[in-house]
2 protein chains.
Amino acid sequence: MQKNPVQCQFVAALDSIVGKWKPIILYHLLQGKPLRFNELRRLLPDITQRMLTLHLRELEEDEIVKRVIYPQIPPKVEYSITEYGRTLAPILESLHQWGKAHVERKQLKKAENEQNETD
Amino acid sequence: MQKNPVQCQFVAALDSIVGKWKPIILYHLLQGKPLRFNELRRLLPDITQRMLTLHLRELEEDEIVKRVIYPQIPPKVEYSITEYGRTLAPILESLHQWGKAHVERKQLKKAENEQNETD
DNA sequence: CTGTATCCCCAGCGATACTG
DNA sequence: CAGTATCGCTGGGGATACAG
């Protein structure tokens, strides 16, 4: 599909972490504790059931997330990060840090501009 | 718009590097040499003029890329990475490495499956 | 050479309802 | 509790033509 290998590699990596809710899902799972479906929903108040399911399935497909079903009534399903998924931790952490600095930077610029307007 | 700060920070970071062609544009500019508009087009054979312009404008807006216009005929415009843009280098590099390993891993799995089918 | 302007399509996501 | 199934919208991106 893509002939350019470098492009391809970026796409492959980004596919695994991009998606409106993927980074934050991974962020929570990387805390270490396995989480149930509804626990994740509570942590992400604005996500729809549909998107949570879809994203988890994709992460499972990439073997970044492991899904364990406890055969009982009512059903219980736990999601946890895999060993392989943990290799994403440093990248997610860097992204998080950079993003934090970036929003602060933008707010600073905005404040400066408003200051200039009142001059 | 987003109340969750962590989500917000991820979004801010990803906005700066996500976009179908942004990572590879940055990859080339991070090599260090300023590049002209058409040089970038040649490096990204499949990008449209429109998308190259749009992505460069967004990167410029975030002060990740600097645009220098040489007032001459025919026009000459050079794009280069900024100091601030360089802070993205380690993240892009990690993404690139991880993506490379990820595609190799997937190809391995695929080969294994095809092996099993012929058993 | 370095762009804009238009038009159009589709994949990602949301809302809502239903189910074992 | 942990999901599917449908339907519909929106915005990111592509194709093409035009312009300073």
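These figures come from a predicted structure and were not determined experimentally. Lettering follows sequence order; numbering is per chain, from 1.
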Handout entry: A/T53 side chain reached by A/R57 side chain, heavy atoms, under 4.5 Å
Key = yes
Handout entry: Test item: B/R50 and B/L54 side chains (from C-beta on) under 4.5 Å apart, heavy atoms
Key = yes
Handout entry: Short side-chain to backbone donor-acceptor contact, B/N4 and B/V6, under 3.5 Å
Key = yes
Practice task
Output the residues of residues 22-38 of chain B in contact with DNA chain D, where contact means a heavy atom of the residue under 4.0 Å from an atom of the strand; sort by number or write none.
Solution key: none
Handout entry: Near-strand residues of residues 54-74 of chain B, defined as heavy-atom separation under 4.0 angstrom from DNA chain C
Key = B/R57, B/R67, B/P74
Completion exercise
Per-nucleotide protein contact along nucleotides 15-20 of chain D, 5' to 3', at a 4.0 Å heavy-atom cut-off (B base, S sugar-phosphate only, - neither), is B-B--B
Handout entry: Main-chain N/O of B/K20 paired to A/Q7 side chain as donor or acceptor, under 3.5 Å
Key = yes
Fill in the blank from the handout: Nt span of DNA chain C in reach of chain B heavy atoms at under 4.0 Å, 5' end first, is C/dC1 to C/dT6
Practice task
Return each pair, listed once, that meets side-chain hydrogen bond (donor to acceptor under 3.5 Å, both in side chains) where at least one residue sits in residues 31-40 of chain A; pairs must be two or more places apart or across chains.
Solution key: none
Handout entry: Any residue meeting side chain to side chain donor-acceptor pair (under 3.5 Å) with A/E78, in chain and number order, not counting sequence neighbours
Key = A/Y70
Exercise for the section: Round to a whole Å and report the spacing from CE of A/M51 to P of D/dA2. Expected result: 19 Å
Handout entry: Trace of the side chain to side chain contact (heavy atoms under 4.5 Å, CB included) decision for A/H102 with B/D15
Key = CA-CA 11 Å; A/H102 193 58; B/D15 273 356; over 6 Å; no
Handout entry: Integer-rounded Å distance: D/dC9 C1' and A/K20 NZ
Key = 13 Å
Practice task
Not counting sequence neighbours, which residues clear side chain to side chain donor-acceptor pair (under 3.5 Å) with A/R41? List them please.
Solution key: none
Exercise for the section: Specify the angle, to 10°, made by the local axes at the two ends of the helix from C/dC1-D/dG20 to C/dG20-D/dC1 when five pairs are taken at each end. Expected result: 50°
Completion exercise
Quick note, salt bridge (Lys or Arg N to Asp or Glu O under 4.0 Å) partners involving residues 95-110 of chain B, not counting sequence neighbours, are A/E63-B/R105, A/E63-B/K109
Problem - Beyond-backbone contact of B/S16 with B/I64, side-chain heavy atoms, under 4.5 angstrom - result: yes
Practice task
Scan residues 25-45 of chain A for pairs that pass ring pair (Phe, Tyr, Trp, His ring centres under 6.0 Å), counting only residues two or more places apart or in two chains.
Solution key: A/Y27-A/H96
Donor-acceptor pairs under 3.5 Å, side chain of residues 87-95 of chain B to any protein atom, not counting sequence neighbours: which ones?
unit_1: B/T87; atom_1: OG1; unit_2: A/W98; atom_2: NE1; d: 3.0
unit_1: B/T87; atom_1: OG1; unit_2: B/Y84; atom_2: O; d: 2.5
unit_1: B/E93; atom_1: OE2; unit_2: B/Q97; atom_2: NE2; d: 3.0
unit_1: B/S94; atom_1: OG; unit_2: B/P90; atom_2: O; d: 2.8

Problem - B/L14 side chain near A/P23 side chain, heavy-atom distance below 4.5 Å - result: yes
Problem - side chain to side chain donor-acceptor pair (under 3.5 Å) involving B/R67 - partner list, sequence neighbours excluded - result: B/Y79
Problem - Full working for side chain to side chain contact (heavy atoms under 4.5 Å, CB included) between A/V65 and A/I25 - result: CA-CA 10 Å; A/V65 158; A/I25 289 172; 5.6 Å; no
